[in-house]
A.B. asks: 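My questions all concern the structure below.
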Amino acid sequence: MTTMLIAFGLITTASPALAAPNLQLPFSCGQKWRLDTWAHAPALDMVKEPDQHGTEGATLIAPADGTVNQSFYHSNAGNVIQINHGGGYFTTYLHLESRAVSVGTRVSMGTTIGRVGKTGPTSNGHPHLHFELGHDSDGNGSASWGTADSERVRPTFNGVTYGGSNGQTWRDVTSRNCSTPGLNAPAMMRDDGDGSMTIYRWASTGSAFGRSSDYTSGGWTMSNTEDRVASGDVDGDGVDDIEVFSATFT
């Protein structure tokens, strides 16, 4: 008699990695900043363009929605903030002049979280923001930072990825962090009757709509109030929502 042995095994499928957060520069809409990797890619040091004037004390804002994971003073890095953006991704900010948020604070893109400074001896007394995007590869609930073997990864701002290698510089990088905190519906479409659509976004003040080219309501007349449909991540869950707004257009 022949005996047949059949082995049964558990087949598992790895979950796909979650996408990195959709980041914008952590500075006010329209500001220009210089980004350098120096010798610590993919981490970035950031100073204000064109001549670094205004770097010290510059307002630091959240580059995406999230929850503050760390906020403390470090003996080498000075004032430090880390934000948990979900999916295992964290952004970390070093050498801050001041911190405006504490652990557990929920922030939206554009929320003020602190000011750029030169605290901590590793700043070398030079005002700048040291920025890192990290991914929690070991699953301990945070991302390590500050060393070559930390969990930092290349960040993408406004669809452009930076930090590929050491010694890289990007000049005049413009912040598109123009969303109103708590309302990230990014655009409304208007048919101008010429066969094309014009995109409007919330102005940086949150008080009016503006053309997407300049994010401001200045220079054009507001009229013709209408209800329009907009799509965007309104509630911060990473999924686009459909909303109806009453807005005025030219």
A.B. asks: Please determine whether residues Met109 and Ile61 belong to a single hydrophobic cluster, defined as Ile, Leu, Val, Met, Phe, Trp and Tyr linked transitively by side-chain heavy-atom distances below 4.5 Å.
C.D. replies: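 No; tracing contacts between hydrophobic side chains, which count when under 4.5 Å, never links both residues.
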A.B. asks: State the OG1-CG distance between Thr174 and Asn158, to the nearest 0.5 angstrom.
C.D. replies: 9.0 Å
A.B. asks: Rest of the hydrophobic cluster containing Val80 (Ile/Leu/Val/Met/Phe/Trp/Tyr, side-chain heavy atoms under 4.5 Å)?
C.D. replies: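 Phe72, Leu94, Trp145, which link up through side-chain heavy atoms under 4.5 Å apart, make up the rest of the cluster.
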A.B. asks: Applying salt bridge (Lys or Arg N to Asp or Glu O under 4.0 Å), name anything that partners Glu97, two or more places apart in sequence or on another chain.
C.D. replies: none
A.B. asks: For residues 160-170, which residue pairs pass the salt bridge (Lys or Arg N to Asp or Glu O under 4.0 Å) check, not counting sequence neighbours?
C.D. replies: none
A.B. asks: Report the distance from atom OG of Ser123 to atom CG of Leu129, rounding to the nearest 0.5 Å.
C.D. replies: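 So the gap between those two atoms works out to 12.0 Å.
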A.B. asks: Please find the pair of heavy atoms, one from Pro26 and one from Asn177, that lie closest to each other, and give the distance.
C.D. replies: CA-ND2, 4.2 Å
A.B. asks: side-chain contact (heavy atoms from CB on, under 4.5 Å) for Thr37 and Leu44? Distances and angles first, verdict last.
C.D. replies: CA-CA 5 Å; Thr37 54; Leu44 298 168; 3.7 Å; yes
A.B. asks: Write down the atom of Pro42, the atom of Pro155, and the distance for their closest heavy-atom approach.
C.D. replies: O-CD, 3.7 Å
A.B. asks: Determine whether Trp170 and Val47 fall in the same hydrophobic cluster, where Ile, Leu, Val, Met, Phe, Trp and Tyr are linked whenever their side-chain heavy atoms lie under 4.5 Å apart.
C.D. replies: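 No, separate clusters.
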A.B. asks: Quick one: ring pair (Phe, Tyr, Trp, His ring centres under 6.0 Å) partners of His128, sequence neighbours excluded?
C.D. replies: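 With neighbours one apart ignored, the set is His95.
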A.B. asks: The criterion is side-chain contact (heavy atoms from CB on, under 4.5 Å); which residues satisfy it with Asn76, sequence neighbours excluded?
C.D. replies: His74, Pro121, Thr122
A.B. asks: If I take atom CG from residue Asn84 and atom OG1 from residue Thr67, how far apart are they, to the nearest 0.5 angstrom?
C.D. replies: 6.0 Å
A.B. asks: Which atoms form the tightest heavy-atom contact between Ile81 and Ser71, and what is the distance?
C.D. replies: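 Taking Ile81 first and Ser71 second, the nearest heavy atoms are CG1-OG, 4.2 Å.
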A.B. asks: If you look at every heavy atom in Val68 and Val101, which pair is closest and at what distance?
C.D. replies: CG2-CG2, 3.6 Å
A.B. asks: Please list all pairs meeting salt bridge (Lys or Arg N to Asp or Glu O under 4.0 Å) that have one or both residues in residues 33-45, counting only residues at least two apart or in different chains.
C.D. replies: Arg34-Asp36
A.B. asks: Checking Phe90 now: which residues fulfil ring pair (Phe, Tyr, Trp, His ring centres under 6.0 Å) with it, not counting sequence neighbours?
C.D. replies: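 With sequence neighbours excluded, Phe90 shows a ring pair (Phe, Tyr, Trp, His ring centres under 6.0 Å) to no residue whatsoever.
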A.B. asks: Measure the CG-OG distance between Leu60 and Ser28 for me, rounded to the nearest 0.5 Å.
C.D. replies: 9.5 Å
A.B. asks: Quick one: side-chain hydrogen bond (donor to acceptor under 3.5 Å, both in side chains) partners of Thr91, sequence neighbours excluded?
C.D. replies: His85, Tyr93
A.B. asks: Mind checking side-chain hydrogen bond (donor to acceptor under 3.5 Å, both in side chains) for His126 and listing every partner two or more places apart, or none if nothing turns up?
C.D. replies: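 Result, side-chain hydrogen bond (donor to acceptor under 3.5 Å, both in side chains) vs His126: Gln52.
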A.B. asks: Going through the checks in order, is the ring pair (Phe, Tyr, Trp, His ring centres under 6.0 Å) test met by Tyr162 and Phe131?
C.D. replies: CA-CA 11 Å; Tyr162 300 88; Phe131 175 94; over 10 Å; no
A.B. asks: What closest approach, in Å, do Asp136 and Ala143 show between heavy atoms, and which atom pair accounts for it?
C.D. replies: N-CB, 4.5 Å
A.B. asks: Test side-chain contact (heavy atoms from CB on, under 4.5 Å) on Phe27 and Met46; report intermediate values, then the result.
C.D. replies: CA-CA 10 Å; Phe27 306 110; Met46 303 181 182; 3.6 Å; yes
A.B. asks: Give every residue pair that meets the side-chain hydrogen bond (donor to acceptor under 3.5 Å, both in side chains) criterion with at least one member in residues 54-64, sequence neighbours excluded.
C.D. replies: Thr59-Arg115
A.B. asks: Within the side chain of Thr111, is there an N or O that forms a donor-acceptor pair under 3.5 Å with the backbone of Ala62?
C.D. replies: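 Flag not set: sc Thr111 to bb Ala62 has no pair under 3.5 Å.
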A.B. asks: Whether the Gln31 and Trp33 side chains hold a donor-acceptor pair (N or O, under 3.5 Å, no angle test) is what I'd like checked.
C.D. replies: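 Side chains of Gln31 and Trp33: pair found under 3.5 Å.
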A.B. asks: How close do Gly163 and Ala41 get, counting heavy atoms only, and between which atoms?
C.D. replies: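 Answer, listing the atom of Gly163 first, then Ala41: O-CB, 3.7 Å.
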A.B. asks: If a pair satisfies salt bridge (Lys or Arg N to Asp or Glu O under 4.0 Å) and one of its residues is in residues 148-166, list it, with sequence neighbours excluded.
C.D. replies: Glu132-Arg152
A.B. asks: Keeping to residues at least two apart or across chains, list the ring pair (Phe, Tyr, Trp, His ring centres under 6.0 Å) pairs with something in residues 96-119.
C.D. replies: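 For residues 96-119, and leaving out neighbouring residues, there are no ring pair (Phe, Tyr, Trp, His ring centres under 6.0 Å) pairs at all.
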A.B. asks: Just verifying a value: how many Å separate Gln24 CD and Cys178 SG, rounded to the nearest 0.5 Å?
C.D. replies: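 The distance works out to 7.5 Å.
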